[in-house]
There are 2 protein chains.
Amino acid sequence: MSEDIYGEGPLKIYWRNPLHSDRRIVVCENPDIDEAVNRLNEAFSEKRVVIVVGSCWVDYRGRASSKLEPGERIVIVKEDGAVLVHRSKGYEPINWQPSGCILQVFKEEDNLVIKAVKRTPHEVVTMFFDRIHFLSTFKLVDEGEFSLYASEEDMQRAILAEPSLIEDGFKPIDYERKVKPGFVDVYGIDRDGRIVVVEIKRRTAGKEAVLQLAKYVETLRRSLGREVRGILAAPEISRDARQLLLSLGLDFRRVDPKKCSELLRRKEERRIVDFFYHP
Amino acid sequence: MSEDIYGEGPLKIYWRNPLHSDRRIVVCENPDIDEAVNRLNEAFSEKRVVIVVGSCWVDYRGRASSKLEPGERIVIVKEDGAVLVHRSKGYEPINWQPSGCILQVFKEEDNLVIKAVKRTPHEVVTMFFDRIHFLSTFKLVDEGEFSLYASEEDMQRAILAEPSLIEDGFKPIDYERKVKPGFVDVYGIDRDGRIVVVEIKRRTAGKEAVLQLAKYVETLRRSLGREVRGILAAPEISRDARQLLLSLGLDFRRVDPKKCSELLRRKEERRIVDFFYHP
DNA sequence: GCCTAGGTCCCGTCT
DNA sequence: AGACGGGGCCTAGGC
């Protein structure tokens with residue numbers, strides 16, 4: 001068995017000093033059951049993240065119940081009590097417990113037992129290990145922000161379904177329309193009968209987006225020999241891009257990708273309800 | 001950096017022998033980027049399971065897109081190419097890729113980059129590591145069977161084996177029967193010879209379940225040109241759903257998933273006993 | 001490839 | 001608390 005301990009600092013490493021108070025990472029290779037029990041108790045009380053790899057079997061009882069026969073798996077226990085039992089294949093854990101469950105660890109008949117209990121609904125996952133290949137516990141530092149964006153395609157579909165997202169009276173004619181050097185996202189006419197080209201961007205539009213729109217507008221203007229309006233639809237536009245947009249006589253319309261995907265979902269829902277109640 | 005290698009046998013351990021052909025577990029603590037690239041390439045080509053713990057940021061592009069700013073996380077890559085990025089809290093991975101994606105690993109500007117690409121839909125998850133706390137790769141041996149009880153399938157089988165769970169005189173004719181778009185869970189006739197459609201839910205049935213049943217009843221009524229009864233079988237039904245159910249002239253029957261699985265177990269037991277004692 | 005439906009779905013939100 | 005709907009849902013099964 002070897003053990004390596006890293007300190008708080010990003011690069012300083014403490015070797016074989018389990019008592020160092022700053023230790024953030026503890027790795028035990030091939031620990032015996034007693035040591036594993038100690039390490040896990042320590043980890044659970046300190047709300048450390050735990051990874052156990054070893055030979056285990058698992059019982060689950062709750063809304064349903066299940067039995068997993070022995071085999072080698074990866075078990076993760078997180079700071080908030082979430083538990084995941086992963087096999088060597090597949091996206092999903094074979095057994096699990098969502099966050100907020102209470103953890104117990106003990107030795108029973110020479111096996112390591114980890115019990116994760118949750119209430120409402122009452123559910124119990126019990127993991128039995130007869131061999132632990134390795135066990136590690138961590139204090140992970142993670143303040144990184146996570147941002148999720150809906151797709152540009154959602155925005156396009158939402159605009160086609162609800163053209164007033166661009167402006168009142170806008171009527172789409174076509175989309176993904178081929179113009180010489182590419183595809184126009186949406187193409188239509190405004191309330192005064194003028195041709196409109198819409199360029200959609202899922203994120204803050206920069207000068208590149210403006211130039212792309214300008215290119216399409218210019219191409220169409222020439223090929224049709226008539227006035228063409230250009231509208232940039234995006235959640236935001238950068239200062240420089242707005243400047244450029246105005247100087248080229250183009251318009252900006254704020255469109256939020258998330259709202260677009262919600263709008264689409266609502267439309268779909270209504271379609272189904274209408275089908276049932278007015279068939 | 002230390003490294004420990006276990007052999008095929010359950011207890012025999014090979015220390016610091018990276019060339020041993022039987023190695024099943026490789027653990028690298030605090031590896032540098034080049035070593036990590038080598039280990040990962042080796043692991044991916046040998047379809048080993050990988051766990052990486054370190055400081056990383058993640059980009060996702062596909063149906064939607066997302067950005068995860070730097071922080072310490074656990075990344076798991078499985079034999080079949082499934083990828084999971086886990087933060088220190090929560091049941092769900094913050095980023096992921098389902099099984100079947102193609103993996104690339106390389107060094108770029110002193111960072112370790114793991115790229116997981118999937119097609120249909122085309123999706124890319126890119127993970128950048130600037131520090132790796134530890135990296136381990138495994139050949140997990142896992143042939144253990146998994147059994148789940150009290151699923152909707154158990155309820156279906158129980159109803160087919162014991163149709164009085166629905167009502168006295170009910171006779172099932174078919175199950176998983178295809179109707180225009182979808183499948184009827186159980187299909188049969190009641191004591192008065194009327195066609196019955198049964199929709200099974202393993203938990204409290206909501207309005208959606210009622211609408212699902214209504215859809216099947218309506219479709220069959222039209223295609224058969226005769227009366228069709230609809231029965232929703234579930235442990236509970238929500239107030240609103242019950243209201244809707246009644247207004248549509250459908251019935252509810254309380255059926256408990258656990259009792260279904262017990263019934264099946266008892267039937268199975270009896271079958272085995274009968275086989276041995278009255279062959 | 002599409003569509004349909006289930007899941008120990010999980011999770012946020014609202015009543 | 002329950003109820004409802006969304007999800008990069010994932011996954012399995014049919015066509």
Side-chain angles (χ1 to χ4, degrees), chain A residues 58-68 82-85 89-101 116 118-125 146 148-151 153-154 257-258 261-262 264-266 268-269 272, chain B residues 58-66 68 82-85 89-101 116 118-125 146-156 176-185 199-213 215-216 236-244 257-258 261:
Chain A
V58 185
D59 276 357
Y60 155 69
R61 252 147 215 284
R63 289 163 293 180
S65 56
S66 72
K67 185 162 211 157
L68 176 63
V83 176
L84 308 165
V85 182
K89 289 177 191 171
Y91 163 84
E92 289 177 331
I94 184 70
N95 281 112
W96 72 90
Q97 200 65 290
S99 58
C101 74
K118 196 171 177 290
R119 24 196 85 169
T120 60
H122 183 67
E123 302 206 278
V124 185
V125 172
F146 177 71
L148 178 68
Y149 309 92
S151 63
E153 194 193 333
D154 274 4
K258 261 203 164 151
S261 47
E262 280 160 25
L264 286 174
R265 234 153 264 134
R266 246 173 281 127
E268 180 66 13
E269 232 165 64
I272 289 165
Chain B
V58 185
D59 276 356
Y60 154 69
R61 254 147 211 284
R63 287 163 291 182
S65 52
S66 71
L68 178 62
V83 177
L84 308 165
V85 182
K89 290 176 189 170
Y91 163 83
E92 290 176 330
I94 184 70
N95 280 111
W96 71 90
Q97 200 68 287
S99 58
C101 74
K118 196 173 178 288
R119 24 197 83 166
T120 57
H122 182 68
E123 303 207 277
V124 185
V125 172
F146 178 73
S147 328
L148 178 69
Y149 309 95
S151 63
E152 188 182 303
E153 195 193 333
D154 275 5
M155 293 174 73
Q156 190 184 76
E176 297 298 328
R177 190 196 185 84
K178 184 131 182 55
V179 278
K180 207 179 57 184
F183 298 85
V184 168
D185 287 338
E199 175 61 35
I200 304 168
K201 285 283 170 273
R202 67 168 305 287
R203 45 182 187 157
T204 305
K207 281 186 284 190
E208 208 174 76
V210 175
L211 289 172
Q212 201 179 337
L213 176 60
K215 192 175 70 178
Y216 296 142
E236 291 286 342
I237 185 167
S238 75
R239 269 188 71 83
D240 289 359
R242 164 151 252 152
Q243 198 82 0
L244 181 59
K258 276 185 195 164
S261 98

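Every chain is numbered from 1 and lettered A, B, ... according to where its sequence line falls, protein lines coming before strand lines.
Nucleotides D:dG5 and D:dC9, compared at atom C1', are 13 Å apart to the nearest Å. Remark: the separation of the C1' atoms in D:dG6 and C:dG7 is 15 Å, to the nearest Å. When the C1' atom is used for both C:dC9 and C:dA5, the distance is 13 Å, rounded to whole Å.
B:Lys258 places a side-chain N or O within donor-acceptor distance of the main-chain N or O of A:Gly62, the cut-off being under 3.5 Å. Here the side chain of B:Arg202 pairs a donor or acceptor atom with the backbone of A:Arg63 at under 3.5 angstrom.
Contact annotation: the side chain of B:Asp185 approaches that of B:Glu176 to within less than 4.5 Å [non-hydrogen atoms, C-beta and beyond].
Atom OG of B:Ser147 is separated from atom CG of A:Leu68 by 8.5 Å, given to the nearest 0.5 angstrom.
At a threshold of 4.0 angstrom between heavy atoms, the contacts of A:Ser65 with the nucleic acid are absent. Using a 4.0 Å heavy-atom cutoff across all strands shown, B:Gln97 reaches at least one base atom of the nucleic acid. Residue A:Gly62 is out of contact with every strand shown, counting any heavy-atom pair closer than 4.0 Å. Note on B:Arg203: a base of the nucleic acid sits closer than 4.0 angstrom, heavy atoms only. Among the atoms of the strands shown, only primed sugar atoms or phosphate atoms (P, OP1, OP2) are found under 4.0 Å from some heavy atom of B:Gly206. At a threshold of 4.0 angstrom between heavy atoms, the contacts of B:Asp240 are confined to the sugar-phosphate backbone, with no base atom among them.
Dashed line: the shortest gap from a side-chain N or O of B:Tyr216 to OP1 or OP2 of C:dA5 is under 4.0 Å. Listed pair A:Trp96 / C:dC10 meets the phosphate criterion, a side-chain N or O lying under 4.0 Å from OP1 or OP2. The phosphate of D:dA3 has neither OP1 nor OP2 within less than 4.0 Å of any side-chain N or O from B:Lys207. An OP1 or OP2 oxygen of D:dC4 is reached within less than 4.0 angstrom by a side-chain nitrogen or oxygen of B:Ser238. At C:dG1, one or more side-chain N or O atoms of B:Thr120 fall inside 4.0 Å of OP1 or OP2 (strictly under the cut-off). Put simply, A:Arg63 has a side-chain N or O that comes within less than 4.0 Å of OP1 or OP2 on C:dC10.
Side-chain proximity of A:Leu148 to the nucleotides D:dC10, D:dG8, D:dA3 is greatest for D:dG8. With D:dG8, C:dA5, C:dC9 as the choices, the nucleotide that has an atom nearest any side-chain atom of B:Lys215 turns out to be C:dA5. Which of D:dG8, D:dC10, D:dA3 sits closest to the side chain of B:Thr204 comes down to D:dA3. For B:Glu123, the side-chain atoms get nearest to D:dG8 when compared with the rest of C:dT4, D:dC10, D:dG8. Of all nucleotides listed (C:dT8, D:dG8, C:dT4), C:dT4 comes nearest to the side chain of B:Pro181. Proximity note for B:Glu152 (side chain, C-beta onward) versus D:dG8, C:dA5, C:dG7: the nearest is C:dG7.
For the pair B:Tyr60 and D:dG8, the ring geometry qualifies as stacking, because the centroid separation is below 5.5 Å while the planes lie within an angle under 30°.
One can place CD of B:Glu199 at 12 Å from C1' of C:dT4, the figure rounded to the nearest angstrom. When the C1' atom of C:dA5 is taken as reference, atom CD of B:Glu208 falls 10 Å away, rounded to whole Å. Rounded to whole angstrom, the span from the CG atom of B:Leu68 across to the P atom of D:dG8 amounts to 14 Å.
Two residues, B:Ile94 and B:Phe183, neighbour DNA chain D, and the one matched to the more 5' nucleotide by heavy-atom proximity is B:Ile94. Take the nearest nucleotide of DNA chain C for B:Ser151 and for B:Lys178: the residue whose nucleotide is more 5' is B:Lys178. If B:Lys201 and A:Pro98 are placed on DNA chain C by their nearest nucleotide, the residue sitting closer to the 5' end is B:Lys201.
Residue A:Lys89 places its NZ atom among 12 or fewer non-hydrogen atoms of other residues, nucleotides or ligands, all under 6.0 Å distant.
Closest heavy-atom contact between A:Tyr60 and A:Asn95: CB-ND2, 3.7 Å.
Base pairing analysis places D:dG8 opposite nothing; no Watson-Crick or G-U wobble pair with both distances below 3.5 Å involves it.
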